[in-house]
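Step one of this worksheet: look at the structure below.
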Number of protein chains: 2
Amino acid sequence: MVTIKDIAKAANVSVTTVSRALNGYDDVNEKTRQRIKDVAEKMQYSPNMTARRLVTNKSSTIGLLTSSSFPSNPKDTFTMDVISGVNEYASCADYDMILFQSEFAKRQGKTYHQLCSERQIEGVISQGLAHDDAFLQQMEESSVPCVFIDHPGENETTSFVSADNAAGAREAVRHLVSLGHREIAFINGDDEAYISLERMKGYKEGLQEAEIAFNEKKVRLAYFNEEEACARSIELLEEFPEITAVFCSSDLMAMGVMRAAQQLGYELPDELSVVGYDNLVISQYTTPALTTVHQNKYKMGNTAAELLINRLQGKETKTRVIIPGSLLVRKSTCPPRR
Amino acid sequence: MVTIKDIAKAANVSVTTVSRALNGYDDVNEKTRQRIKDVAEKMQYSPNMTARRLVTNKSSTIGLLTSSSFPSNPKDTFTMDVISGVNEYASCADYDMILFQSEFAKRQGKTYHQLCSERQIEGVISQGLAHDDAFLQQMEESSVPCVFIDHPGENETTSFVSADNAAGAREAVRHLVSLGHREIAFINGDDEAYISLERMKGYKEGLQEAEIAFNEKKVRLAYFNEEEACARSIELLEEFPEITAVFCSSDLMAMGVMRAAQQLGYELPDELSVVGYDNLVISQYTTPALTTVHQNKYKMGNTAAELLINRLQGKETKTRVIIPGSLLVRKSTCPPRR
DNA sequence: AACATAATCCGAAACGTTTTGGAAACAATG
DNA sequence: CATTGTTTCCAAAACGTTTCGGATTATGTT
């Protein structure tokens with residue numbers, strides 16, 4: 001491996017000068033800088049990150065903490081988008097991204113602190129952890145900077161990026177209302193997570209705009225689970241046969257609802273309109289194709305990385321960012337016909 | 001940060017001894033070792049990987065080179081599985097995995113060599129690159145050890161893991177034959193990539209077993225592309241209306257075929273049976289749910305990491321591994337009714 | 001007791017960078 | 001000429017670990 005020393009020898013200068021020339025300091029003559037650069041190029045020099053990291057005491061490594069999914073499930077495409085977003089920003093900024101999958105880590109009995117200190121992680125982004133995941137708490141308490149996706153930290157030092165969940169839900173309801181629906185049920189994830197609360201807010205706002213009374217009995221929790229959503233929506237539809245549309249807080253739950261509807265013999269979308277949330281890849285492929293609220297997951301990851309890395313570099317930076325989304329109308333919604 | 005020096009001071013020994021105690025060398029008294037371990041634990045010591053890496057001259061980092069997908073598509077779940085498999089093995093073996101997404105890298109004008117040398121990558125796993133991707137060539141020429149997933153290297157130094165593609169295709173055809181199909185078309189990816197050739201082999205074998213003549217006109221190439229598969233299968237079905245089943249070399253192409261069938265007014269699966277390949281998450285969610293050949297993508301990633309890391313550690317290891325798959329019968333196949 | 005062997009420990013060098021504090025050379029100013 | 005300032009360079013220390021070669025002590029053998 002060719003080192004800075006070799007360059008120094010070849011260019012007949014000191015290692016200091018090579019280092020400073022290559023790193024763009026201005027206390028080196030432009031002529032020598034060019035000579036050094038040429039030599040470096042010719043010798044195919046590339047700096048040893050490890051050495052650099054050691055002396056600067058920065059690992060230039062961030063962690064992306066996600067819930068591991070095994071076996072694979074539709075949510076993977078969400079995660080994958082976020083990964084891409086984080087990874088691209090990080091690599092452009094000369095950071096390494098390493099992946100922590102929460103279940104794997106826990107299975108190995110690692111605490112969050114261990115995870116970070118073993119790898120000298122400088123900062124962490126979390127995505128897709130359950131709102132009561134122990135790691136979230138530990139992240140907030142930890143001294144390593146972090147940014148949460150879809151989870152507002154409780155203290156002020158943590159950053160946060162999310163989609164505009166309330167607006168998305170409102171759009172979804174508006175769309176249903178505009179089609180003529182008045183009996184719109186809501187399958188929410190839970191009643192604690194940030195996104196659930198926001199989407200509930202949007203749902204209520206949407207109803208209010210249309211002067212439809214909110215009825216808490218027409219809201220069920222399915223914990224972002226497809227089976228659960230199927231079961232809950234069967235109960236719901238049997239109890240309130242007047243329901244003509246159901247809005248779901250995730251595409252996965254919407255899958256469950258569509259399955260339920262089929263089991264109950266409803267014609268989709270005519271006898272029941274369904275709206276999802278997330279725009280997972282899968283939602284394009286169901287029949288009928290799912291109307292859903294698109295979230296720019298890549299952008300969320302990208303932005304999270306930006307906030308984190310800015311912070312690590314001591315730059316002034318925003319601490320909370322909301323990424324706009326948009327309703328994607330497909331085939332699972334139409335005017336009520338019943 | 002607490003270093004080995006601090007431990008040395010606290011335990012009243014030299015740094016050498018701390019290092020050797022913690023790393024399990026046998027020239028340190030068990031009593032002192034225990035004392036040192038206790039102190040280290042109490043002081044929450046965790047070794048500085050960067051320093052270790054510098055002195056051992058090993059980055060303990062492997063790269064996973066995949067094709068980047070943006071916008072997201074169904075194949076992401078494949079990639080995600082592989083990532084999980086690689087990542088888990090790597091992290092257990094104390095390696096870092098970093099992700100290279102080929103399009104991003106190319107957009108930045110990076111050569112494969114740069115990618116590796118910038119990060120001091122010790123070895124690389126590739127997955128999902130097109131068989132004519134320039135990086136594949138560069139990988140083989142490079143001196144950094146690599147293992148290909150689904151791509152048999154030309155020279156002997158590269159390792160290789162794949163699924164049993166021929167067997168999978170054969171199973172698929174057998175299944176169709178057992179249902180009573182005799183007119184079985186094949187939408188293949190291309191006629192060059194390893195997996196395409198293997199699946200073609202399996203397809204032919206399957207036909208031969210059933211004493212069905214192979215007809216090359218009933219094979220079309222769709223380059224693993226959904227639209228393409230849709231178009232090709234429309235041509236195919238119009239030209240050969242006697243076809244009652246089509247086997248596809250990927251689930252994505254099977255989606256295209258199902259769409260084509262619907263456009264042509266076929267009743268699925270009664271009037272046309274469709275079999276895919278991959279078992280992407282999406283294939284559970286189509287109507288009818290897709291019969292497909294399952295590939296253990298997680299295992300493939302895991303095994304690739306195992307081969308690579310064994311090699312990096314100088315261990316004796318296999319150089320090519322075939323992971324078994326299995327046919328997953330769902331709802332897109334049934335006896336021919338036409 | 002004398003010696004050989006084994007067990008246990010340690011000092012110092014090394015890994016490839018960055019950075020500090022200053023030196024040397026030269027130019028500009030009084 | 002003496003002084004000050006500027007430009008350009010460099011020696012050496014530092015980062016936290018591993019490892020080489022040897023030193024010291026304890027144990028066993030005659």
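No experiment lies behind these values; they were computed from the predicted model shown. Below, read A as the first sequence line, B as the second, and so on, with proteins coming before strands; counting in each chain starts at 1. Scope of the values below: all heavy atoms of this structure, side chains included, with no hydrogens, waters or symmetry mates.
- With hydrogens and angles disregarded, no donor-acceptor distance shorter than 3.5 Å links the side chain of Gln101(B) to the backbone of Ser67(B).
- Salt bridge absent: Glu306(A) and Lys318(A) never bring a charged side-chain N and a carboxylate O closer than 4.0 Å.
- Looking at heavy atoms from C-beta onward, Thr317(A) lies out of side-chain contact with Ile309(A) at the 4.5 angstrom threshold.
- Within a 6.0 Å sphere centred on CD of Glu141(A), other residues, nucleotides and ligands contribute more than 12 heavy atoms.
- Between Tyr25(A) and dT20(C), a side-chain N or O to OP1/OP2 separation shorter than 4.0 Å is absent.
- In this model, the phosphate group of dT17(C) is not approached by any side-chain N or O of Asn48(A) to a distance below 4.0 Å at OP1 or OP2.
- Scanning all heavy atoms of the two residues, the minimum distance from Ala8(A) to Val18(A) falls at CA-CG2, 3.6 Å.
- When every heavy atom of Ser162(A) is checked against every heavy atom of Asp150(A), the shortest pair comes out as OG-OD1, 2.6 Å.
- Here the closest heavy-atom approach between residue Met43(B) and residue Asp6(B) is recorded as CE-CB, 3.9 Å.
- Between the Asp96(B) side chain and the Thr61(B) main chain, no donor and acceptor come within less than 3.5 Å of each other.
- Computed from coordinates, the Asn23(A) CG to dT17(C) P distance equals 10 Å when rounded to whole Å.
- In this structure, Ile7(B) and Tyr45(B) approach most closely via the heavy-atom pair CD1-CB, 3.7 Å.
- Residue-to-nucleotide proximity on DNA chain D shows that, of Asp27(B) and Thr50(B), the 5′-proximal contact is made by Thr50(B).
- Atoms CG (Asp26(B)) and P (dA7(C)) sit 9 Å apart, rounded to a whole Å.
- Put simply, chain A comes within 4.0 Å of DNA chain D, heavy atom to any atom, from dT8(D) to dG16(D), going 5' to 3'.
- For an aromatic pair to be called close, the ring centres must be under 6.0 Å apart, and Phe160(B) with Tyr194(B) satisfies this.
- Within the 4.0 angstrom heavy-atom criterion, no nucleotide atom of any strand lies near Met49(A).
- The residues Glu30(B) and Arg35(B) are annotated as not salt-bridged, no charged nitrogen and carboxylate oxygen being separated by less than 4.0 angstrom.
- Remark: Thr3(B), Ile4(B), Thr16(B), Ser19(B) in residues 2-19 of chain B come within less than 4.0 Å of DNA chain D through at least one heavy atom.
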Exercise for the section: Can you check each nucleotide of nucleotides 23-28 of chain C against protein heavy atoms at under 4.0 Å and return B for base, S for sugar-phosphate only, - for none, in 5' to 3' order? Expected result: ------

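- For the helix from dA1(C)-dT30(D) to dG30(C)-dC1(D), the end axes, each set by the C1' atoms of five terminal pairs, are bent relative to each other by 50° (nearest 10°).
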Kindly list each side-chain donor-acceptor pair under 3.5 angstrom involving residues 125-134 of chain A, sequence neighbours excluded, with atom names and distances?
residue   : atom : partner   : partner atom : Å
Asp133(A) : OD1  : Lys106(A) : NZ           : 2.8
Asp133(A) : OD1  : Phe135(A) : N            : 2.8
Asp133(A) : OD2  : Lys106(A) : NZ           : 3.0

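- Between Glu122(A) and Arg311(A) there is no salt bridge, since no side-chain N of the basic residue sits under 4.0 Å from a carboxylate O of the acidic one.
- Within residues 31-39 of chain B, no residue has a heavy atom under 4.0 Å from DNA chain D.
- Scanning all heavy atoms of the two residues, the minimum distance from Ala90(B) to Ile62(B) falls at CB-CD1, 4.1 Å.
- Between Gly301(A) and Ile149(A) the shortest heavy-atom distance is CA-CD1, 4.2 Å.
- Annotation: of the two residues near DNA chain C, Asn57(B) and Val28(B), the 5′-most nearest-nucleotide partner is Val28(B).
- Using a 4.5 Å cut-off on side-chain heavy atoms (C-beta onward), Thr111(B) and Gln114(B) make contact.
- No contact: Arg53(B) has no heavy atom under 4.0 Å from any strand.
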